[in-house]
Amino acid sequence: MKTLLSALKKAENAVILPHKSADGDAIASCIALGKLLLRWGIPYTICLEEPVRSDLAFLGGDFAVLEDRVPVPHTAIAVDCGDAARLGERLPLFEGAKVKLVIDHHVTNEGFGDVCVVDPSAAATAEIIAGLFDLAGEPFEDAASPLYTGLVTDTGGFRFSNTTPKTLRVAAQLMEAGAESGKICLAVFEENPLEKIRLEAAVMHEMTICHNGKTAVATVTEALLSETGASDEDTSHLSGLLRGIRGVETGVLLREKDGQIKISMRTSQVLDAAAFCKTFGGGGHARAAGATVEGDISVWKEEIIKRIGEAYGRHC
Ligand code: AMP
Ligand code: MN
Ligand code: MN
């Protein structure tokens, strides 16, 4: 952490890079980190692969996207990003930088920068960045709400098993520093677009239950998205919903995206989701992981079901 802190302070300018399809933790961690750099007078840009998700717009923040042709910085910081491939088209910005830093909490992160702080015991990258504020002796102030948003989104409102006593202590400090918990939770959990709910209904109607009720698998095709009017960001909660059916150990959502298939997996107790998804070139955490593959979605659905069955066989 100390090495990271001094590397950050020495940055002449910085580009902050969250993983592609940036979620609440990724976006909020970048915003908070940017506020820290600003206090030290370091110019920075947060560069995203795609425009920010609409449910995170309440956080504010200025973002560049790929098209903005951000120049290669002195220091590049990959945030909440488990491996270099998840930087997508922005990889050259990272690779070209003089100093490459990694701040992350994915168990599958092997460290791909000059200085890497990877703490899989942290519930969110925001928890690590909150620690950075502490270490730097900087008050949270305007970073309190973004950091709280990171914690709340990656823990599903402090319900998932990644939530630790430390997470709750950090959350309490952030609330004391002014994070508006109720307002943040309303924005990220309680204001769902109608299209998202229509998609949810269709997916839950069509899902497949197998392995004696232990596995729930569903697919979202491009056609279903246009039928329901839902967008890609409206799919991110569906694997958790599948996992949340009583008796289900593993919930998997497969969705078509840009000619590829994105696999999203949630597990309860038995399967190590990160290890499972790593076999498809993906990664993540023990209870929440993902991968991106090529091919036909219904063929992949059968393949995933088969491999989950085999994995149960090894574990039961
Ligand atoms: P998701 O199911 O997309 O919400 O992702 C769950 C977790 O797995 C997140 O922590 C992601 O960072 C990670 N993850 C998702 N997709 C991939 C991928 N293609 N490669 C590596 N990690 C992934
Ligand atoms: Mn993330
Ligand atoms: Mn995260």
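Heads up: numbering here begins at 1 and tracks the sequence. Note that ligands are numbered from 1 as they come in the structure, with each ligand's atoms numbered from 1 the same way.
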| query | Any nitrogen or oxygen of T292, main chain or side chain, under 3.5 Å from a nitrogen or oxygen of ligand 1? | reply | yes

For this session: Scan side-chain atoms only and decide if S29 and T125 contain a donor-acceptor pair under the 3.5 Å cut-off.
Result: no

Under 2.8 Å from the Mn ion (ligand 2), is there any N, O or S atom belonging to C81?
no

The atoms of ligand 1 lying under 4.0 Å from a heavy atom of D83, numbered in the order shown, are 21 (C)

Quiz item: Any salt bridge between E302 and K306, counting N to O under 4.0 Å?
Solution: no

- Message: Side chain or backbone, does G290 bring an N or O within less than 3.5 Å of an N or O on ligand 1?
- Response: yes

For the Mn ion (ligand 2), the nearest N/O/S atom on D23 is atom OD2

- Query: Hey, are D272 and R287 close enough for a salt bridge, meaning a charged N less than 4.0 Å from a carboxylate O?
  - Reply: no

Next item on the list: Check for a donor-acceptor pair, side chain of N109 on one end and backbone N or O of C81 on the other, with a separation under 3.5 Å.
Entry: yes

Closest to atom 6 (C) of ligand 1 (heavy atoms only, candidates H106, R266, R255) is R266

Among non-hydrogen protein atoms, atom 11 (C) of ligand 1 lies closest to R86 NH1, 3.5 Å

- Query: Within less than 2.8 Å of the Mn ion (ligand 3), any N, O or S from H106?
  - Reply: no

Looking at D80, the N, O or S atom sitting nearest the Mn ion (ligand 3) is OD1

From the list N162, D119, D154, side chain to side chain donor-acceptor pair (under 3.5 Å) partner of H105 resolves to D154

Q) Under a heavy-atom criterion of less than 4.0 Å, does A291 contact ligand 1? A) yes

Under 4.0 Å between heavy atoms, the region of D23 that gets near ligand 1 turns out to be neither

With heavy atoms and a 4.0 Å threshold, my read on which part of H19 contacts ligand 1 is neither

Ring-plane angle category for Y312 and H211, please: parallel below 30°, perpendicular beyond 60°, tilted otherwise. perpendicular

Closest to atom 14 (N) of ligand 1 by heavy-atom distance, out of A273, G282, G283, is G283

The atoms of ligand 1 lying under 4.0 Å from a heavy atom of G284, numbered in the order shown, are 8 (O), 13 (C)

So CD of E227 and CZ of R198: to nearest 0.5 Å the spacing works out to 12.0 Å

* Asked: Do H237 and E200 have side-chain atoms, one donor and one acceptor, less than 3.5 Å apart?
  -> yes

Within the distance-only criterion (no hydrogens, no angle test), does the side chain of W300 pair as donor or acceptor with the backbone N or O of I263 below 3.5 angstrom?
no

The closest protein heavy-atom partner of atom 2 (O) of ligand 1 is S264 OG, 2.6 Å

Nearest heavy atom to atom 16 (N) of ligand 1, choosing from K262, R287, H285, belongs to K262

for atom 7 (C) of ligand 1, nearest protein heavy atom and its distance come out as A288 O, 3.5 Å

Of all the N, O or S atoms in D154, the one nearest to the Mn ion (ligand 3) is OD2

A289 heavy atom under 4.0 Å from ligand 1: yes

### Task
May I ask you to decide whether D142 forms a salt bridge with R39, counting only side-chain N to carboxylate O separations under 4.0 Å?
yes

In this structure, CZ of F189 is separated from CD1 of I184 (nearest 0.5 Å) by 10.5 Å

Closest non-hydrogen contact found for P18 with L48 is CG-CD2, 3.5 Å

To the Mn ion (ligand 3), the closest N, O or S atom belonging to D25 is OD2

